[in-house]
Enquirer: 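I have a structure I would like to understand better, so I am pasting it below and will then ask my questions one at a time.
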Amino acid sequence: MACFIVFEGGDGSGKSTQVRSLMRRLRRRGVDVLRTREPGGTRLGQALRTLLKSGEPMTPISELMLFEAARAQLVQQVIKPFLADGGVVIADRFTSSTMAYQGYGRGLDRKLIEHLNREATGGLEADLTVLLDLPVETALARKSNGSADNFDSAPVDFHRKIRRGYSALASADPEGWLILDGQLPPEELGREIWTKVQTLL
Ligand code: TYD
C-alpha cells in the first residue's frame with residue numbers, strides 16, 4: 001500500500017538514524033521502500049545540494065527557489081512514480097523544512113512558501129510527518145564532531161527560530177504529525193515510530 005512518511009527536525013536531531021531504523025523494519029516485513037533526502041535524489045538535486053550546502057552565501061530568496069527546484073524534480077522523477085507503484089517512501093525532509101528554515105528561520109513570506117511548496121509537489125502531502133524535537137544546543141553539539149555546512153554553522157538564534165517554526169507547524173496539525181522528544185534513546189524512538197507507522201499500513 002502506497003504511503004508517504006516524512007521525517008523533520010533541526011540539524012543534529014537524529015533523523016537519519018530513525019529513517020534507517022524504519023527502513024529496516026519495513027524491509028523485514030517485505031515492504032517495498034525507498035528513502036529520499038532533500039535536497040538531493042536526482043542529478044539536478046545533487047548539484048543544487050552542493051551549491052546550497054557549501055557554495056558561496058546566497059540571498060534567502062535564491063536559497064528558497066533552489067530548494068523548491070530540487071524538490072520539484074525529486075517529486076516528479078522519483079517520489080510520485082514509486083508511490084504510484086504502491087511503495088512506501090520515507091523522506092528525510094520535505095516541504096516543512098522549507099517552511100521552518102526559509103520561512104521561520106530566514107523570515108521569508110510564509111504564504112509564498114506555501115504556494116511554492118504546492119507548485120513544487122503538485123499538492124503531494126505526507127501521510128505522516130515525524131518531528132524529532134530537542135533543544136538546539138544539544139542538537140548542535142551532536143553535529144560539532146562532523147564538518148559543518150552553511151546551515152550547521154549558522155547562529156544559534158537561527159536554529160531556535162527553526163525549532164519554534166517546527167513546533168508551530170506540528171501543533172497546527174496534530175493528526176498529521178507525530179512529535180517525539182529527540183533526547184529519548186534511539187531504540188525507544190524507533191519503537192514509537194514503528195507503532196505509529198503500523199497503524200498506517
Ligand atoms: P543535510 O546535511 O541533509 O542536513 P540534515 O542531515 O540535518 O537533513 O543538509 C540539508 C540542510 O538544508 C539542512 O541544514 C536543512 C536545510 N534545508 C533548508 O534550509 N530548506 C529546505 O527546504 C531543506 C529541504 C533543507
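Read the numbers this way: they start at 1 and go in the same order the structure lists the ligands and their atoms. Position 1 is the first residue of the sequence, and the numbers go up from there.
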Enquirer: Going by distance alone, is a donor N or O of one side chain under 3.5 Å from an acceptor N or O of the other, for Thr59 and Ser62?
Expert: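 The answer is yes; a qualifying pair exists.
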Enquirer: Are any of the N or O atoms of Asp152 closer than 3.5 Å to those of ligand 1?
Expert: no
Enquirer: Would you say the side chains of Tyr104 and Ser167 form a donor-acceptor pair under 3.5 Å?
Expert: no
Enquirer: Side chain, backbone, both or neither: which part of Arg93 comes within less than 4.0 Å of ligand 1 when only heavy atoms are counted?
Expert: side chain
Enquirer: Report yes or no: do Thr98 and Arg71 form a side-chain donor-acceptor pair below 3.5 Å?
Expert: yes
Enquirer: I'd like to know whether ligand 1 has Arg71 as a neighbour, heavy-atom separation below 4.0 Å.
Expert: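 Yes, Arg71 has heavy atoms under 4.0 Å from ligand 1.
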Enquirer: Would you mind finding which of Arg49, Arg37, Lys53 brings a heavy atom closest to atom 3 (O) of ligand 1?
Expert: Arg49
Enquirer: For the backbone of Gln183 and the side chain of Asp181, can you confirm whether one donor and one acceptor N or O come within less than 3.5 Å of each other?
Expert: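 The answer is yes, because a donor-acceptor pair under 3.5 Å joins these two groups.
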Enquirer: Indicate yes or no: does an N/O atom of Ser16 lie under 3.5 Å from an N/O atom of ligand 1?
Expert: no
Enquirer: Identify the protein heavy atom lying closest to atom 5 (P) of ligand 1, giving its residue, its atom name and the separation to 0.1 Å.
Expert: Lys15 NZ, 3.6 Å
Enquirer: For atom 14 (O) of ligand 1, which protein heavy atom lies nearest, and how many Å away is it?
Expert: Asp11 OD1, 2.6 Å
Enquirer: Is it the case that the side chains of Ser97 and Glu8 hold a donor-acceptor pair, with the cut-off being a distance below 3.5 Å and no angle test?
Expert: yes
